Number of protein chains: 2
Amino acid sequence: MTDSKPNASLTAPSIHGDALPPVEQHAQQYATVRNAHETELIEDYVELIGDLLTHRGEARAADIANRMAVSQATVSKMIRRLNELELVTSKPYRSLFLTEAGQKMAETSRARHDIVLHFLRALGVKDATARIDAEGMEHHVSDETLDIMQRFTEQQQKS
Amino acid sequence: MTDSKPNASLTAPSIHGDALPPVEQHAQQYATVRNAHETELIEDYVELIGDLLTHRGEARAADIANRMAVSQATVSKMIRRLNELELVTSKPYRSLFLTEAGQKMAETSRARHDIVLHFLRALGVKDATARIDAEGMEHHVSDETLDIMQRFTEQQQKS
DNA sequence: CAAACAGTTTAGCCTTGGCTAACAATGTTG
DNA sequence: CAACATTGTTAGCCAAGGCTAAACTGTTTG
Ligand SMILES: [Mn+2]
Ligand SMILES: [Mn+2]
Ligand SMILES: [Mn+2]
Ligand SMILES: [Mn+2]
């Protein structure tokens with residue numbers, strides 16, 4: 001449960017960087033990341049489907065495969081999963097649509113994604129880089145940090 | 001290869017948010033994230049082993065399991081992989097050590113992790129939240145963004 | 001209206017990263 | 001030094017998320 005004991009003296013000033021966090025806190029960090037990894041691909045799919053519906057009027061499996069640079073078989077399998085999760089509705093060989101729950105997830109994900117992207121641009125990151133970084137970072141940003149990012153971006157825009 | 005055609009008028013002002021990026025750029029975003037996911041767990045292990053060696057003098061499988069909140073079997077299996085990748089050396093039932101390549105990876109990961117963590121704190125994020133966010137974000141931050149974060153943190157500290 | 005083409009699905013394979021249960025080795029202590 | 005506690009390994013299971021190949025459906029067009 002606890003770490004093996006450090007055998008160094010108890011009070012000597014550390015020559016190293018930050019100390020290790022307490023075990024429970026450290027474990028929480030990793031657990032939160034593992035958790036995010038379970039949902040992030042789902043979020044990206046739902047967000048993309050929402051964007052395609054908004055900007056193109058329809059969301060076809062082939063478009064998703066191209067946009068994600070993934071095989072159509074992979075998309076087809078994922079769509080089955082999204083169906084089981086009741087996030088999308090689909091008739092065979094037809095465009096996809098989002099359920100109520102799917103729309104909610106798409107909006108939330110899109111909003112969060114935009115906050116992160118706009119924040120990175122406000123920081124001075126080039127657009128192409130900001131887009132790449134935001135695609136990964138978005139799933140690992142807490143609400144607290146998100147708020148701070150949003151305020152930062154607004155401040156930046158006023159000046 | 002290309003999206004299905006939008007049938008909306010060509011020049012009408014969009015009532016929606018940001019337009020979709022070009023397919024190739026969009027695909028690059030997702031591909032970069034998938035790539036990061038292949039290496040991030042490895043990086044976390046190597047970084048943690050380095051930290052344990054630095055702060056505790058040894059890195060035992062049980063400590064890793066506790067710190068990551070994961071079973072010992074999972075750690076044991078991952079250590080075999082790290083061995084195959086020649087990032088760690090291990091004798092059965094003995095502490096782990098990092099190879100040259102492992103030390104290099106540990107340093108790089110630790111440095112990047114610290115930049116992200118210190119940046120979040122400089123932004124005003126509470127320590128516990130910053131630690132959680134940094135654990136996930138670190139793997140999705142480009143060198144360009146990392147530079148900007150570091151400069152931001154330094155600026156913040158001067159004032 | 002029949003082909004050809006484009007899009008979708010299914011089957012079967014692989015790797016990663018989790019888990020539990022059982023067993024083996026090592027360390028501690030009465 | 002024997003028993004017990006801790007630590008490490010192995011085996012076998014599972015789900016997720018990739019892939020290719022092949023079959024099937026729907027659309028376009030000669
Ligand atoms: Mn997204
Ligand atoms: Mn994303
Ligand atoms: Mn890290
Ligand atoms: Mn990490």
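Chain letters run A, B, ... following the sequence lines, proteins first, then strands; residues in each count from 1. All figures in this text were calculated on a predicted structure; none of them were measured in a lab. The figures that follow rest on heavy atoms only: side chains count, while hydrogens, waters and symmetry mates do not.
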His37(A) vs Ser76(B), nearer the 5' end of DNA chain D by closest nucleotide: Ser76(B)

Sugar-phosphate only, base, or nothing, as touched by Ala73(A) at under 4.0 Å among non-hydrogen atoms: base

Residues Thr32(A) and Gln28(A): side-chain donor-acceptor under 3.5 angstrom: yes

Nucleotide dT9(C), atom P - distance to NZ of Lys91(A) in whole Å: 14 Å

Distance, rounded to the nearest Å, where Glu38(B) contributes CD and dC19(D) contributes P: 11 Å

Closest-nucleotide 5' rank along DNA chain C - winner of Val70(B) and Pro92(A): Pro92(A)

Between P of dT7(D) and CZ of Arg67(B), the distance in whole Å: 14 Å

Rounded distance (Å) that lies between atom P of dT7(D) and atom CG of Asp63(B): 8 Å

Nearest-nucleotide pick for Tyr93(A), side chain only, options being dT9(D), dG17(C), dT25(D): dT25(D)

Sugar-phosphate only, base, or nothing, as touched by Ile79(A) at under 4.0 Å among non-hydrogen atoms: nothing

Inter-residue atom distance Phe119(B).CZ - Arg151(B).CZ, 0.5 Å rounding: 12.0 Å

Check: Ser109(A)/Glu43(A) side-chain N/O donor and acceptor closer than 3.5 Å: no

Per Ala62(A) side chain, nearest of listed nucleotides dT9(D), dG7(C), dG18(C): dG7(C)

Nearest-Å distance for atom pair CZ/C1', residues Arg80(B) and dT15(C): 14 Å

Distance flag, aromatic centroids of His113(B) and His118(B), threshold under 6.0 Å: no

Length of the CG-P vector between Asp44(B) and dT16(C), whole Å: 17 Å

Phosphate-side-chain proximity, Thr74(B) and dC19(C), N/O vs OP1/OP2 below 4.0 Å: yes

Under 4.0 angstrom between Ser71(B) side-chain N/O and dC19(C) OP1 or OP2: yes

Selected nucleotide, minimal atom distance to Arg94(B) side chain, candidates dG26(D), dG27(C), dT16(C): dG27(C)

Spacing between Arg81(A) atom CZ and dT9(C) atom C1', to the nearest angstrom: 18 Å

Of Tyr45(B) and Ser95(A), the one whose closest DNA chain C nucleotide lies more 5': Ser95(A)

Whole-Å distance separating the NZ atom of Lys77(A) from the P atom of dG18(D): 10 Å

Residues Arg67(B), Asp63(B); criterion salt bridge (charged side-chain N to carboxylate O under 4.0 Å, His left out); working and verdict: CA-CA 6 Å; Arg67(B) 292 249 155 211; Asp63(B) 293 339; over 6 Å; no

